[in-house]
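None of these values were measured; they are calculated from a predicted model.
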Amino acid sequence: MYKIIILIEPAEGHFNPFVPIIKKFVEQGNQVLCMTGSNYKERVEKTGATFHNIPSNWDPEDKDIFDIFPELKKRRGLSQIKYYLKHILFDQVPDVLNALKTILESFAADVVIGDSFMIAGGWMTELGGPPNVRLSVLPLGLSGKNIPPYGLGMLPGKTMLSKLRIRFLSILFEKIVFNDVKRYANKIRQQLNLTPYKKIIFKYAYEIPALVLHTSIPSFEYPRKEFPANFRFIGPIIINPRDDYKKPEWWSELYNGFTVVLVNQGTIAKDHNNLIQPAIEGLKNENINIIAVPVKKGEIRDTPKNVHTEPYIPFGNLLPHVDVMITNGGFGGTQNALAHGIPVIIAGATEDKMEVAARIEYSGAGINLKKQQPTSGDIKKAVRMILDDSSYRKKAEELKVAYAEYDAPTLAVELVKDLIMKHKA
């Protein structure tokens, strides 16, 4: 059996995909040590893994990310992505590396697995440590022919003009737009006696790890002629129903014959005025059951009769009843909807969400509203389009079939074990 270290950025969208993978490793008799935030201690230990706290200065505990990094709230699009890269992804590496070195003194790991933002494992490999695996939990930032630069939410080029534009933007991004981020990263690498990055930083996310496991499928990514030899699609982590979930009193209304619309705003973008409130306003007079999450008790008062708000509902229990999902574009949640054949209306312009939105548009399985804060009219019109035009559901059903071919936890464990065996050979 093997010893495995897992590094997870303390955020729901990064932690949740790891849970069934960790469980499967543990069930097979492997020793797993997981470093993440203190809020996840109980959930880590419930999987059978050993918990190790992320360095305290990087542990958010109960604080919101915008409270820790208030500058993030002022930024959108590329500006926000660059801030994330400098002050979260790269700044934390030296501290996480020091903690990782200490762990490795008493826990001789066969592999270190990290999510998209936990790159310390790859840098540890460069310094002579065990092989590294990256669990990619964000849309692909991998460059390719006629593929637009990451962070613009653009579609691949089809016409000669659009292809030339993408080529120009790709050069611009590599030479100018992200050059300051590369310089920033190289200062940290220099302190650690690592060779400097010479290409655009996104390429190294796919070149440094021995293995990249991408939590998606080819049908939901832009077409490419080839992928790196170390790259594998494993599909998203599908959230299964929970037998212990206590259904709210209104649950029987899901069977009243009305269309069910889920409005999901994720765990970081918490301003209900962005999406949940305009969705309620736009659909309150329709014969539609509206389910809005996450909404804590008392946060939204005097809701119409057809609106139900909850702080949390397991997607595995709810999605089989949903006809349309309105979301700001979390990568995992969006794909779980598509895996159930649910067309998606998406409105997001922060973090990676514009990239998820562009993929929804490209797939034809939903509507990209192309804004962070749509109006009630925007949402009402989009829902009507989804319900009146069967092509959206048809495309979502096609993706559902494609998603069903993947079992992410099983594939992840098998591929990691293969890597370890090759490394030991």
Side-chain angles (χ1 to χ4, degrees), residues 11-13 15-20 23 39-40 42-47 236-270 272 275-346 366 379 383 386-387 393 396-397 400 403-404 407-409:
E12 291 293 323
F15 180 82
N16 290 332
F18 271 103
V19 173
K23 285 181 178 178
N39 275 4
Y40 296 92
E42 184 177 343
R43 288 158 69 179
V44 166
E45 292 176 343
K46 193 174 180 180
T47 68
I237 301 297
I238 302 301
I239 303 170
N240 294 318
R242 279 178 46 182
D243 294 334
D244 63 346
Y245 175 63
K246 186 178 179 180
K247 297 172 183 176
E249 292 181 2
W250 52 262
W251 196 264
S252 60
E253 295 181 27
L254 297 177
Y255 303 93
N256 64 9
F258 290 165
T259 295
V260 177
V261 174
L262 168 63
V263 189
N264 173 45
Q265 203 169 296
T267 55
I268 293 180
K270 296 182 179 181
H272 295 150
L275 192 59
I276 289 177
Q277 287 284 20
I280 292 173
E281 182 63 27
L283 303 174
K284 65 182 181 182
N285 296 320
E286 303 291 313
N287 290 329
I288 289 175
N289 292 315
I290 304 165
I291 317 298
V293 293
V295 179
K296 294 178 182 178
K297 187 175 181 180
E299 283 186 330
I300 299 179
R301 300 179 182 277
D302 302 321
T303 55
K305 291 182 178 180
N306 65 331
V307 175
H308 303 289
T309 63
E310 294 290 336
Y312 170 73
I313 304 177
F315 268 11
N317 297 76
L318 179 60
L319 289 181
H321 304 283
V322 173
D323 298 297
V324 180
M325 182 162 88
I326 304 171
T327 178
N328 61 354
F331 193 47
T334 298
Q335 290 192 94
N336 264 263
L338 295 173
H340 282 79
I342 302 168
V344 175
I345 297 166
I346 191 163
I379 293 174
V383 170
I386 293 283
L387 296 178
R393 183 164 295 280
E397 289 288 346
K400 176 182 178 179
Y403 279 114
D407 178 348

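Separating the CD1 atom in Ile280 from the OG1 atom in Thr309 is a distance of 7.0 Å, to the nearest 0.5 Å. Atoms CD1 and CD1, on Ile379 and Ile326 in that order, are 5.5 Å from each other to the nearest 0.5 Å. Between Glu310 atom CD and Lys247 atom NZ the span is 13.5 Å, to the nearest 0.5 Å. The distance from atom CG of Asp407 to atom CD1 of Ile237, rounded to the nearest 0.5 Å, is 8.5 Å. From Ile290, atom CD1 reaches atom OG1 of Thr259 across 11.0 Å, with rounding to the nearest 0.5 Å. Atoms CD1 and CD, from Ile342 and Glu397 in turn, are 9.5 Å apart once rounded to the nearest 0.5 Å.
Residues Arg242 and Asn317 approach most closely at N-OD1, 2.9 Å, considering heavy atoms. In terms of heavy atoms, Ile313 sits closest to Ile291 at CD1-CG2, 3.7 Å. Between Ala337 and Val344 the shortest heavy-atom distance is CB-CG2, 4.1 Å. Nearest heavy-atom pair, Pro320 versus Gly316, reported as atom, atom and distance to 0.1 Å: CD-O, 3.5 Å.
Between the side chain of Asn264 and the backbone N or O of Thr327, no donor-acceptor pair lies under 3.5 Å. Side chain of Thr334 to backbone of Phe331: no donor-acceptor contact under 3.5 angstrom is found. No donor-acceptor distance shorter than 3.5 angstrom exists from the side chain of Asn306 to the backbone of Asn287, with no hydrogens or angles considered. With Glu299 contributing its side chain and Lys296 its backbone, the two residues share a donor-acceptor pair below 3.5 Å. Without hydrogens or angle criteria, Gln265 side chain to Ile276 main chain gives a donor-acceptor distance under 3.5 Å.
Taking the side chain as every heavy atom from C-beta outward, Lys297 and Pro311 never approach each other to under 4.5 Å. In this structure, the side chains of Val383 and Ile288 come closer than 4.5 Å at one or more pairs of heavy atoms. With contacts defined as side-chain heavy-atom distances shorter than 4.5 Å, the pair Leu262/Leu319 qualifies. Residues Val261 and Ile345 have side chains not in contact (no heavy-atom distance under 4.5 Å, counting atoms from C-beta outward). The side-chain heavy atoms of His272 and Ile300, taken from C-beta on, include a pair separated by under 4.5 Å. In this structure, the side chains of Pro314 and Tyr312 come closer than 4.5 Å at one or more pairs of heavy atoms. In this structure the side chain of His308 reaches within 4.5 angstrom of the side chain of Glu253, judged on heavy atoms. Looking only at side-chain heavy atoms (C-beta outward), Asn336 and Tyr403 stay at 4.5 Å or farther from each other.
Atom CG of Asp244 has more than 12 neighbouring heavy atoms from other residues, nucleotides or ligands inside a 6.0 Å radius.
Across Phe315, Trp250, Trp251, Phe258, a single residue satisfies ring-ring contact (aromatic ring centres under 6.0 Å, His included) together with His321, and that is Trp251.
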### Task
Given side chain to side chain contact (heavy atoms under 4.5 Å, CB included), test Thr303 with Lys284 step by step and report yes or no.
CA-CA 9 Å; Thr303 55; Lys284 65 182 181 182; over 6 Å; no

### Message
For Glu12 and Arg43: C-alpha separation, side-chain torsions, deciding distance, then whether salt bridge (charged side-chain N to carboxylate O under 4.0 Å, His left out) applies.
### Response
CA-CA 11 Å; Glu12 291 293 323; Arg43 288 158 69 179; 3.0 Å; yes

